[in-house]
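Data first, discussion second: the structure below is written as structure tokens.
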Amino acid sequence: MNPSPLPAQPLRLVVLVSGSGTNLQAILDAAAAPQTPFTVVAVGADRDGTGGVERAEAAGVATFVCRLSDVDTRADWDRALARTISGQDADLVVSAGFMRVLGPAVLAAHRVVNTHPALLPSFPGAHGVRDALAHGVRVTGCTCHWVDAGVDTGPIIDQRAVRVEPGDTVESLHERIKVAERAMVVDVLTELARDRSWR
Ligand code: GRF
């Protein structure tokens, strides 16, 4: 089958990060390649000093930080984040290692995909790798899904499996999962940019 023709306008992404941003880097690298049907218009973080924001700056991409400590309530933070994202004129928000639950204002105004380092619906939450290892599973992996009001509960878009090797630690297993996760995220975004029937 022929791939869908390239859309005239690249899909405009806002990527949210809390940490080192290797998933973001994979997205930025892919976006820099000719023929890629998406572009990163801004990168946002919930805290100062993230590697993700540094990576965005190095790539010449606009950044913003939306801190919970700058506002009185989580609802205020949710509305501030929704407004900031709206200012970027984005088509899609990507939560790529963003370690906060998004609130109703963001989710009402924006479609959001998240990447999670376990095979959902198993091991949701902030410690998916640790929990999978502690459970003794032999295969785990990563999941890309639409974000809804729950924690890692939205409709699944794609998954990749990763074997747990003897002697794996949380760190060694997470590193292998992240290799699969980076490829998955780029593939998912490419597909969502080519076929925009989800909009
Ligand atoms: C990823 O495994 C993501 O799924 C999880 O945290 C990790 C972030 O990695 N929530 P990075 O910041 O993209 O390197």
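As the structure lists them, so they are numbered: ligands from 1, and atoms in each ligand from 1.
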Run the numbers for me: atoms of ligand 1, each under 4.0 Å from some heavy atom of [X], listed by number.
{"X": "Ser20", "result": "11 (P), 12 (O), 14 (O)"}
{"X": "Met99", "result": "10 (N)"}
{"X": "Thr115", "result": "4 (O)"}

- Query: For the side chain of His116 and the backbone of Phe123, is there at least one donor-acceptor N/O pair under 3.5 Å apart?
  - Reply: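 Side chain of His116 to backbone of Phe123, a donor-acceptor pair under 3.5 Å: yes, one is there.
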Tell me which protein heavy atom sits closest to [atom], plus the residue, atom name and distance to 0.1 Å.
{"atom": "atom 9 (O) of ligand 1", "answer": "Lys178 NZ, 3.2 Å"}
{"atom": "atom 1 (C) of ligand 1", "answer": "Glu181 OE1, 3.3 Å"}
{"atom": "atom 8 (C) of ligand 1", "answer": "Gly97 CA, 3.8 Å"}

- Nearest heavy atoms of Pro37 and Thr190, plus distance in Å: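 Minimum heavy-atom contact is CG-O, 3.9 Å.
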- Which heavy-atom pair separates Leu11 from Trp198 by the least distance, and what is that distance?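 Taking Leu11 first and Trp198 second, the nearest heavy atoms are CD1-CZ2, 3.8 Å.
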- Assess the side chains of Thr73 and Asp76: does a donor N or O sit below 3.5 Å from an acceptor N or O?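 Yes - a donor-acceptor pair under 3.5 Å links their side chains.
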- Task: Decide whether His135 and Thr140 meet the rule of one side-chain donor and one side-chain acceptor closer than 3.5 Å.
- Result: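 No donor-acceptor contact under 3.5 Å links the two side chains.
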- Query: For Val17, is the nearest heavy atom under 4.0 Å from an atom of ligand 1?
  - Reply: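 No; Val17 lies far enough from ligand 1 that no heavy-atom distance drops under 4.0 Å.
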- Message: Yes or no: does His174 have any heavy atom under 4.0 Å from an atom of ligand 1?
- Response: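 Yes, His174 has a heavy atom closer than 4.0 Å to ligand 1.
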- Message: For Asp168 and Arg176: C-alpha separation, side-chain torsions, deciding distance, then whether salt bridge (Lys or Arg N to Asp or Glu O under 4.0 Å) applies.
- Response: CA-CA 10 Å; Asp168 254 338; Arg176 282 207 315 291; 2.6 Å; yes
- Query: Are any of the N or O atoms of Gly21 closer than 3.5 Å to those of ligand 1?
  - Reply: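 N/O-N/O distance below 3.5 Å exists for this pair.
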- Message: Could you work out, for atom 13 (O) of ligand 1, the closest of Leu24, Asn23, Asn114 by heavy-atom distance?
- Response: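 Checking each option, the heavy atom nearest atom 13 (O) of ligand 1 is found in Asn23.
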- Item | Note: Asp46-Arg100 ion pair, threshold 4.0 Å (strictly below) |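 Judged by the 4.0 Å cut-off on N to carboxylate O distance, Asp46 and Arg100 do form a salt bridge.
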